[in-house]
Protein chains: 2
Amino acid sequence: MKIGLRHIRYFLVLAEDLNFRRASEHLHISQPALTRTIQHLEAELQVTLFDRSQNFVRLTDAGRAFREGGQRVLNGVEATIDLTRRISIGEAGALRVGYTDFAIADCLPELLKQFHQRHPGITVRPHHGVTAAQLQQLRDDKLDIGFVTGPVRQSGFRSRVVQTDRPICIVPEGHHLASRASVALADLADEDFVHGPTEAWAHFYDYLFPHCRKAGFQPRIVQEAFNSVGILGLVSCGMGITILTESIYDFATGGLVPLPISDIDDVMVTEAVWASENLRLPTQHFVDFLEQSDSHRLQGTR
Amino acid sequence: MKIGLRHIRYFLVLAEDLNFRRASEHLHISQPALTRTIQHLEAELQVTLFDRSQNFVRLTDAGRAFREGGQRVLNGVEATIDLTRRISIGEAGALRVGYTDFAIADCLPELLKQFHQRHPGITVRPHHGVTAAQLQQLRDDKLDIGFVTGPVRQSGFRSRVVQTDRPICIVPEGHHLASRASVALADLADEDFVHGPTEAWAHFYDYLFPHCRKAGFQPRIVQEAFNSVGILGLVSCGMGITILTESIYDFATGGLVPLPISDIDDVMVTEAVWASENLRLPTQHFVDFLEQSDSHRLQGTR
DNA sequence: TTTTCATGATACCTTTTATGCATCAGAAAC
DNA sequence: GTTTCTGATGCATAAAAGGTATCATGAAAA
């Protein structure tokens with residue numbers, strides 16, 4: 001015969017009462033049933049857990065150890081059952097959220113904060129990644145929600161615009177354009193550009209380069225940085241100029257001048273994107289949350 | 001029906017195999033028995049743990065959580081059973097050891113180190129206390145073994161001499177006796193003495209004062225310190241002289257001069273003392289250990 | 001297509017385990 | 001003494017777990 005939770009439950013009540021009859025009443029079983037269960041437990045352990053006499057019952061040293069361990073076990077079982085139930089109804093769980101530099105710089109912090117308030121049991125696990133990487137991770141079920149540079153129109157995904165950014169030109173202090181109130185794209189034709197990694201940033205440049213072509217030039221890339229912070233750093237030390245978004249610029253530490261671009265009318269969108277089917281419950285909750293929050297605060301914050 | 005360890009064991013094997021038939025073979029039960037056990041588990045939890053199809057079985061998110069928790073529970077049960085068994089045969093446990101300043105200054109560290117080598121599963125819990133306090137704690141079953149200033153001849157206790165100390169006189173550097181090679185007790189009759197707390201140190205002064213009386217004087221106490229370190233401190237800053245043991249003097253930081261006392265022949269004994277009956281297993285092991293170690297290194301080390 | 005094979009679920013019966021009732025044996029209280 | 005606690009035991013019953021045979025379904029083979 002094997003030890004089961006029943007033995008531990010009975011044992012703990014008896015260890016509390018130190019009286020077979022009273023413990024059996026608390027357990028709503030007969031006294032002989034309790035006596036035999038404890039006997040079986042002791043036989044299986046090959047350990048005497050209680051010193052019995054007609055006058056008193058008390059724990060042995062081994063019994064005390066078993067009480068501590070048994071209590072921990074029961075607590076563990078209860079906690080496990082509770083967590084499992086909560087996960088199954090979507091009250092608890094983990095949500096793997098991907099984000100780009102553009103998303104984390106603007107809408108994401110507030111969005112995640114509000115989501116956490118609504119679903120405090122769901123742990124958000126953020127993963128930084130460029131758009132292409134996030135889409136692949138979504139396909140591989142490595143990610144539940146991505147925040148990417150849109151628009152995303154691949155099949156198998158649904159998406160929702162969460163943020164719009166107007167691109168701005170960023171030049172170092174002292175640059176010959178720095179005193180201008182704004183620039184037109186054509187003004188930048190002869191400038192040196194600092195650039196993000198070409199492949200990884202494809203989604204951003206897919207948006208930007210057509211505008212440059214329309215203005216009659218191909219940006220001259222002189223430096224490639226690893227990420228947006230790196231780009232701003234290279235610009236601030238005079239390696240060239242760049243085009244990014246206002247929210248990214250807010251992260252700059254100084255030595256930079258932002259210039260509106262007069263002849264770009266459309267905006268760069270950041271979208272939340274998720275698989276179109278077989279959503280895990282936390283993901284479904286996040287999608288529902290996104291759609292609800294549309295009624296309150298819509299799209300980009302600037 | 002309630003969840004038992006059986007359900008968890010079966011579940012974990014199935015979560016590993018993800019195949020009812022193979023899992024049932026690993027469990028040495030029939031496939032229908034496993035199917036029903038898992039059904040009962042899911043019904044009791046009100047949670048679907050496995051996605052089943054004719055082609056594959058896989059864990060749900062909730063199932064993954066239950067697997068982690070269940071594994072922890074089983075590990076906890078196993079560890080608890082193991083510890084309980086080891087305690088019951090005396091392989092593990094706790095030993096509450098009391099000690100005086102005299103004991104800790106000499107024999108105790110080596111003794112405990114050797115005991116730990118022989119019984120690595122037994123945790124020694126040291127409790128500092130003067131002789132009287134330790135004897136009371138032994139009576140109250142707050143302590144298993146005491147190391148006290150002997151001799152102890154109260155009924156209900158057994159004891160064994162573990163250390164003998166020859167008292168020495170300790171004077172500050174520059175004291176008028178400091179240049180002597182040794183002193184006789186009578187030489188100290190007019191000195192100021194620094195003293196331990198009278199009541200707590202009764203067992204030590206019961207040993208010392210009769211010698212003084214025989215030499216024709218009652219020590220003049222000018223300062224009472226809280227413990228032996230305090231006594232040495234007060235002596236070193238010139239408040240008076242004291243009589244302690246050589247092993248205690250080894251703890252002094254400087255500014256002190258030890259002087260043998262020529263006319264004290266007997267020694268101060270430190271004894272291990274324990275209750276004479278109903279010993280806990282760790283205590284019994286320690287007593288056995290003490291009696292064995294007598295054959296190797298006997299009594300005091302100096 | 002049809003057949004075969006492997007899967008998990010069910011039905012039915014047997015075995016094992018747990019429980020309750022009645023009772024015993026020993027110590028303490030009266 | 002007698003009563004009244006205590007925990008333990010014997011026996012019958014109920015509940016749980018297990019085994020065998022079989023079903024339904026979908027994938028792979030013929």
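Heavy atoms only: backbone and side chains are in, while hydrogens, waters and symmetry mates are out. Predicted, not measured: the structure shown is a model, and the values here were computed from it. Per chain, numbering begins at 1; letters A, B, ... match sequence-line order.
The interatomic distance linking B:L41 (CG) with D:dA17 (P) rounds to 11 Å, in whole Å. Between the CZ atom of B:F56 and the P atom of D:dT25 there is a distance of 17 Å, rounded to whole Å. B:F50 places its CZ atom 13 Å from the C1' atom of C:dG8, with the value rounded to the nearest Å. We find that CD1 of A:I3 is positioned 16 Å from C1' of C:dT17, with the value rounded to whole Å. Regarding B:L34, its CG atom lies at a distance of 15 Å from the P atom of D:dT20, rounded to whole Å. Across the protein-nucleic acid pair, A:H28 atom NE2 and C:dG20 atom P stand 11 Å apart, rounded to whole Å. Nucleotide C:dT7 holds its P atom 18 Å from the CG atom of B:D51, rounded to whole Å.
Evaluation of the salt bridge (charged side-chain N to carboxylate O under 4.0 Å, His left out) test over residues 5-30 of chain B, restricted to residues two or more places apart or in two chains, returns none. For residues 278-289 of chain A, the salt bridge (charged side-chain N to carboxylate O under 4.0 Å, His left out) pairs, not counting sequence neighbours, are A:D144-A:R280, A:R280-B:D61.
When all heavy atoms of B:V97 and B:L143 are compared, the closest pair comes out as C-CD1, 4.2 Å. For the residue pair B:F11 and B:I38, the shortest heavy atom distance occurs at CA-CD1, 3.9 Å. Counting all heavy atoms, side chain and backbone alike, B:G98 lies closest to B:Q134 at C-OE1, 3.2 Å. Taking all atoms of both residues into account, the shortest heavy-atom contact from A:L41 to A:L49 is CD2-CD1, 3.6 Å. Smallest separation of non-hydrogen atoms from A:I122 and A:A94: CG2-C, 4.4 Å.
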Using a cut-off of under 3.5 Å, enumerate the N/O to N/O pairs linking the protein to nucleotides 28-30 of chain C.
unit_1: C:dA28; atom_1: OP1; unit_2: A:N55; atom_2: ND2; d: 3.2

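Taking CG from A:L111 and CD from A:Q163, the interatomic distance works out to 9.5 Å, rounded to the nearest 0.5 Å.
For B:Y207 and B:H203, the ring centers are positioned 6.0 Å apart or more. Taking the six-membered ring for Trp, A:H119 and A:F115 have ring centres closer than 6.0 Å.
At a non-hydrogen distance threshold of 4.0 Å, A:N19 from residues 8-19 of chain A come into contact with DNA chain D. Contacts of residues 42-49 of chain A with DNA chain C (heavy atom under 4.0 Å): none.
Remark: B:E271 does not engage B:R160 in a salt bridge, criterion side-chain N to carboxylate O under 4.0 Å. Between B:E78 and B:R72, no side-chain nitrogen of the basic residue sits less than 4.0 Å from a carboxylate oxygen of the acidic one, so the salt-bridge criterion is not met.
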Give the B/S/- string for nucleotides 9-16 of chain C, one per nucleotide from 5' to 3', where a protein heavy atom under 4.0 Å of the base yields B, of only the sugar-phosphate yields S, and otherwise -.
BBBB----
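The side chain of A:S30 places no N or O atom within less than 4.0 Å of a non-bridging phosphate oxygen (OP1 or OP2) of C:dA18.
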